[in-house]
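In what follows, chains are A, B, ... by sequence order, proteins preceding strands, each numbered from 1. Just so it is clear, the model here is predicted, and its values are computed rather than measured.
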2 protein chains.
Amino acid sequence: MTRNEKHVVAIGLSAAIASVVEESPNVLVVHRGKGDDALPFGPFDPLGHRTLESGLRTWVGEQTYLDLGYVEQLYTFGDRGRHTLKPGEGARVVSVGYLALTRQRGALKAPDTLWRDWYRYFPWEDWRDEKPAVIGEAIAPAFEAFVKAASDKAAADLRRDRIRLCFGLGNIPWDEEKVLDRYELLYEAGLVAESARDGRAEAAHFLPLGDCMMFDHRRILATAIARLRGKMKYRPVVFELMPASFTLLELQRTVEAISGIRLHKQNFRRLVEGQGLVEGTGKVSVLARGRPAELFRFRREVLRERPGVRLGARQGQGLRSS
Amino acid sequence: MTRNEKHVVAIGLSAAIASVVEESPNVLVVHRGKGDDALPFGPFDPLGHRTLESGLRTWVGEQTYLDLGYVEQLYTFGDRGRHTLKPGEGARVVSVGYLALTRQRGALKAPDTLWRDWYRYFPWEDWRDEKPAVIGEAIAPAFEAFVKAASDKAAADLRRDRIRLCFGLGNIPWDEEKVLDRYELLYEAGLVAESARDGRAEAAHFLPLGDCMMFDHRRILATAIARLRGKMKYRPVVFELMPASFTLLELQRTVEAISGIRLHKQNFRRLVEGQGLVEGTGKVSVLARGRPAELFRFRREVLRERPGVRLGARQGQGLRSS
DNA sequence: ATCTATATACTCAGAACGAGTATAAATACC
DNA sequence: GGTATTTATACTCGTTCTGAGTATATAGAT
């Protein structure tokens with residue numbers, strides 16, 4: 001492979017930095033005036049950065065004054081026309097998206113940065129209280145036009161199936177992990193502002209569903225939420241978002257905030273304690289309403305003791321050796 | 001973000017193309033003379049390629065004359081010194097790795113390409129017949145030196161724990177999905193040829209474990225195998241590797257070839273049939289030794305019918321809504 | 001006819017899961 | 001002070017899933 005000018009491109013590093021406060025899952029965004037929000041991001045510097053991740057860490061450090069703990073690469077997007085503000089403008093940028101987890105300690109010091117509830121960008125993803133009204137009132141009707149606009153019957157059937165599967169219509173259950181699939185479907189159908197911005201044909205049925213973000217940042221955030229919702233079930237990553245000690249209800253509320261669904265309290269306890277993920281501290285929480293709850297701490301040792309600790313998915317794989 | 005010369009870098013697209021013949025999991029490699037094998041790869045062309053994946057497809061098409069079906073992005077690597085042949089030489093390249101699945105139909109027509117059993121590169125990963133001897137005879141002893149070479153006791157303990165977890169020593173069970181973790185550990189410990197090539201300090205205990213590959217291609221292949229072993233359990237991707245009709249034993253042998261472990265025959269049947277993943281064709285296989293087996297075909301409809309079809313991992317997530 | 005290899009049906013016990021009931025311990029309200 | 005409300009926590013119960021078999025059927029080989 002020769003270093004040809006044709007093969008030259010810039011790499012953007014973007015981070016979806018998540019934290020949870022009370023019952024609200026937050027993402028750190030850069031907000032300037034009346035423009036769309038953006039994720040913290042910066043270019044990869046092949047001279048200064050030893051690895052992509054170290055590049056991201058230094059960038060985020062400069063931009064947000066945060067010291068990231070858990071960081072995980074998500075996906076690399078390179079679609080033409082889905083990064084620059086207007087198609088054709090600016091350089092071709094390939095963007096590598098990351099998920100980072102942290103806790104909120106003190107106020108943010110960096111200018112123009114703030115924590116925002118991520119359901120502002122994805123209002124159809126929060127099923128904790130009830131099925132979001134926007135699905136039945138706006139999304140489903142708008143999709144009907146999208147299905148009708150298909151080129152032929154086969155294409156229409158395909159679209160209908162995708163919609164049913166993604167949004168859990170008919171007898172299909174809601175799958176909280178399909179965050180990215182749902183966003184991409186809305187994008188294709190022209191129902192999010194990014195579609196119109198990127199000049200998509202379908203954007204005729206344009207609906208401003210959720211808040212728009214700059215570049216492909218809402219796509220990265222969707223990927224981040226999807227990954228986190230999935231990963232929570234087989235790796236104890238939630239604890240990156242928890243303080244040193246917490247009640248089991250606080251832990252449950254954090255998981256619920258992320259997954260966007262409610263959980264069965266007693267079974268959640270059984271699972272968390274049964275896995276040996278936490279240990280009691282003996283102390284009890286004070287500022288509660290009912291009976292005081294015991295404070296627990298995360299047993300970091302589990303990461304070393306047993307390989308497959310999970311907060312959800314079943315160990316048995318059906319494909320057991322024999 | 002301005003288009004600064006500092007921020008300019010080449011993007012390499014590499015594909016781990018997998019197929020299974022009989023009981024052998026194969027990967028397509030480019031083999032030229034006595035040099036190390038490489039994966040098919042080429043640079044991303046920001047002018048000609050609309051997306052990263054379409055770039056990969058055209059590149060692979062030109063290089064191998066194969067028309068890829070299933071393609072999935074794996075990871076983007078950008079570590080300094082882990083791509084170029086000698087540290088400091090050549091341009092900085094960020095490489096995006098892909099996994100592709102296909103079937104072998106006829107001989108390969110492209111020059112210098114051939115199918116190779118992937119356990120040639122990872123001899124410690126094949127547990128189908130027995131625990132690979134290389135683990136007890138070469139890997140475990142070499143790791144002892146690696147542990148001793150740690151800077152202090154805490155670092156040594158950390159290394160020991162990682163080794164136990166990765167290679168299933170002591171009472172830890174073998175986890176066939178940790179392919180990448182194991183390779184990275186061997187790389188860090190200087191036990192694969194790439195360590196010495198990249199000029200790592202630890203490479204003192206250099207052991208030529210498995211066949212070496214060019215650039216970071218063995219790392220990408222490790223990622224591909226790990227992803228495929230995991231994904232098989234919750235998505236019916238194996239069928240991309242199967243002919244139109246097959247016996248259940250052939251299907252099982254394919255899964256075993258990939259995962260590197262043996263499965264319980266009766267339970268495998270129960271799972272596959274219970275999930276409605278296959279349907280009988282009425283015909284029976286001929287060239288067998290014992291009682292003829294019925295030929296089955298993949299029920300493609302399942303992809304559209306139910307969301308969570310899986311060939312392994314449990315649906316129930318322990319985190320059920322309520 | 002018997003052996004061997006494979007296919008396929010069926011059983012069984014234990015673990016995991018979803019969904020509850022029951023009781024304990026605090027505060028809020030009157 | 002007594003009662004309602006709220007939250008915590010222990011325990012139960014039926015179902016499904018899973019791992020590990022046994023039993024029987026059907027072919028070719030000797």
Side-chain angles (χ1 to χ4, degrees), chain A residues 22-23 173-174 233-234 245-253 255-256 259 261-296 306 308-322, chain B residues 22-23 173-174 233-234 245-253 255-256 259 261-296 306 308-322:
Chain A
E22 304 288 321
E23 313 239 340
W174 174 257
K233 291 177 188 158
Y234 60 95
S245 72
F246 47 82
T247 70
L248 293 181
L249 186 59
E250 285 165 353
L251 182 65
Q252 183 181 341
R253 292 288 179 244
V255 172
E256 290 173 341
S259 64
I261 54 175
R262 289 280 169 216
L263 303 175
H264 185 283
K265 188 171 180 170
Q266 297 91 321
N267 291 348
F268 181 82
R269 283 181 71 85
R270 178 174 61 187
L271 195 72
V272 172
E273 294 192 291
Q275 288 286 321
L277 289 170
V278 297
E279 62 190 355
T281 62
K283 295 171 189 165
V284 290
S285 133
V286 274
L287 304 155
R289 191 191 278 270
R291 169 175 169 181
E294 184 171 6
L295 286 168
F296 290 80
R306 284 171 309 152
V309 279
R310 79 222 138 74
L311 190 61
R314 177 76 172 272
Q315 183 103 288
Q317 326 254 243
L319 300 175
R320 263 280 163 276
S321 78
S322 172
Chain B
E22 306 286 323
E23 313 239 342
W174 173 258
K233 291 177 187 157
Y234 60 96
S245 72
F246 46 82
T247 70
L248 293 182
L249 185 59
E250 285 165 354
L251 182 65
Q252 182 181 340
R253 292 289 177 243
V255 172
E256 290 173 339
S259 63
I261 54 175
R262 289 281 169 213
L263 303 176
H264 185 283
K265 188 170 181 172
Q266 297 92 322
N267 291 348
F268 180 82
R269 282 181 73 84
R270 178 174 65 188
L271 196 73
V272 172
E273 293 192 291
Q275 287 287 323
L277 289 171
V278 296
E279 61 188 358
T281 61
K283 296 172 189 165
V284 290
S285 132
V286 274
L287 303 156
R289 192 191 279 269
R291 170 175 167 181
E294 185 172 5
L295 286 168
F296 290 80
R306 284 170 309 155
V309 279
R310 77 220 140 74
L311 190 61
R314 175 73 173 272
Q315 184 103 288
Q317 326 257 235
L319 300 175
R320 261 283 163 274
S321 76
S322 173

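Atom-to-atom, CZ of A:Arg291 to P of C:dA25 comes out at 6 Å; the value is rounded to the nearest Å. Rounded to an integer number of Å, the gap from CZ of A:Arg262 to P of C:dG18 is 18 Å. Here C:dC3 presents its C1' atom at 12 Å from CZ of B:Arg289, a figure rounded to the nearest Å. The CD atom of B:Glu250 sits 19 Å away from the P atom of C:dA5 (whole-angstrom rounding). Taking atom CZ of residue B:Phe268 and atom C1' of nucleotide D:dT18, one finds them 15 Å apart after rounding to whole Å. Residue A:Lys233 contributes atom NZ, which lies 12 Å from atom P of C:dC17 at whole-angstrom precision. Between the NE2 atom of A:His264 and the C1' atom of C:dA16 there is a distance of 14 Å, given to the nearest Å. The CG-C1' distance, from A:Leu295 to D:dT7, rounds to 14 Å in whole Å.
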Pairs under 3.5 angstrom only: tabulate donor-acceptor contacts from the side chains of residues 279-290 of chain B to other protein residues two or more places apart or in another chain.
{"from": "B:Glu279", "atom 1": "OE2", "to": "B:Arg297", "atom 2": "NH1", "distance (Å)": "3.2"}
{"from": "B:Thr281", "atom 1": "OG1", "to": "B:Lys283", "atom 2": "N", "distance (Å)": "3.3"}
{"from": "B:Thr281", "atom 1": "OG1", "to": "B:Leu295", "atom 2": "O", "distance (Å)": "2.8"}

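The nucleotide whose nearest atom lies closest to any side-chain atom of A:Glu294 is, among C:dC17, D:dT26, D:dT9, D:dT9. Ranking C:dA28, C:dC17, C:dA26 by closeness to the A:Leu271 side chain, first place goes to C:dC17.
As judged by a 4.0 angstrom heavy-atom cut-off over every strand, B:Leu248 is placed among residues making no nucleic acid contact.
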Residue pair A:Phe246, A:Val278: steps toward the side-chain contact (heavy atoms from CB on, under 4.5 Å) verdict:
CA-CA 10 Å; A:Phe246 47 82; A:Val278 297; 4.1 Å; yes
Stepwise side-chain contact (heavy atoms from CB on, under 4.5 Å) check, B:Leu251 with B:Phe268
CA-CA 10 Å; B:Leu251 182 65; B:Phe268 180 82; 3.9 Å; yes
When you look at A:Glu250 and A:Arg253, which way does the salt bridge (Lys or Arg N to Asp or Glu O under 4.0 Å) test go after all the steps?
CA-CA 5 Å; A:Glu250 285 165 353; A:Arg253 292 288 179 244; over 6 Å; no
Show the numbers, then the answer: is there a salt bridge (Lys or Arg N to Asp or Glu O under 4.0 Å) between B:Arg269 and B:Glu294?
CA-CA 12 Å; B:Arg269 282 181 73 84; B:Glu294 185 172 5; over 6 Å; no
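A sub-4.0 Å separation between OP1 or OP2 of D:dT7 and a side-chain N or O of A:Lys265 is absent.
Annotation for A:Gln252 and A:His264: closest pair NE2-C, 4.3 Å, computed over non-hydrogen atoms.
A donor-acceptor contact shorter than 3.5 Å links the side chain of B:Glu256 to the backbone of B:Leu263.
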Please list each protein N or O that sits under 3.5 Å from an N or O in nucleotides 10-12 of chain D, with the distance.
none

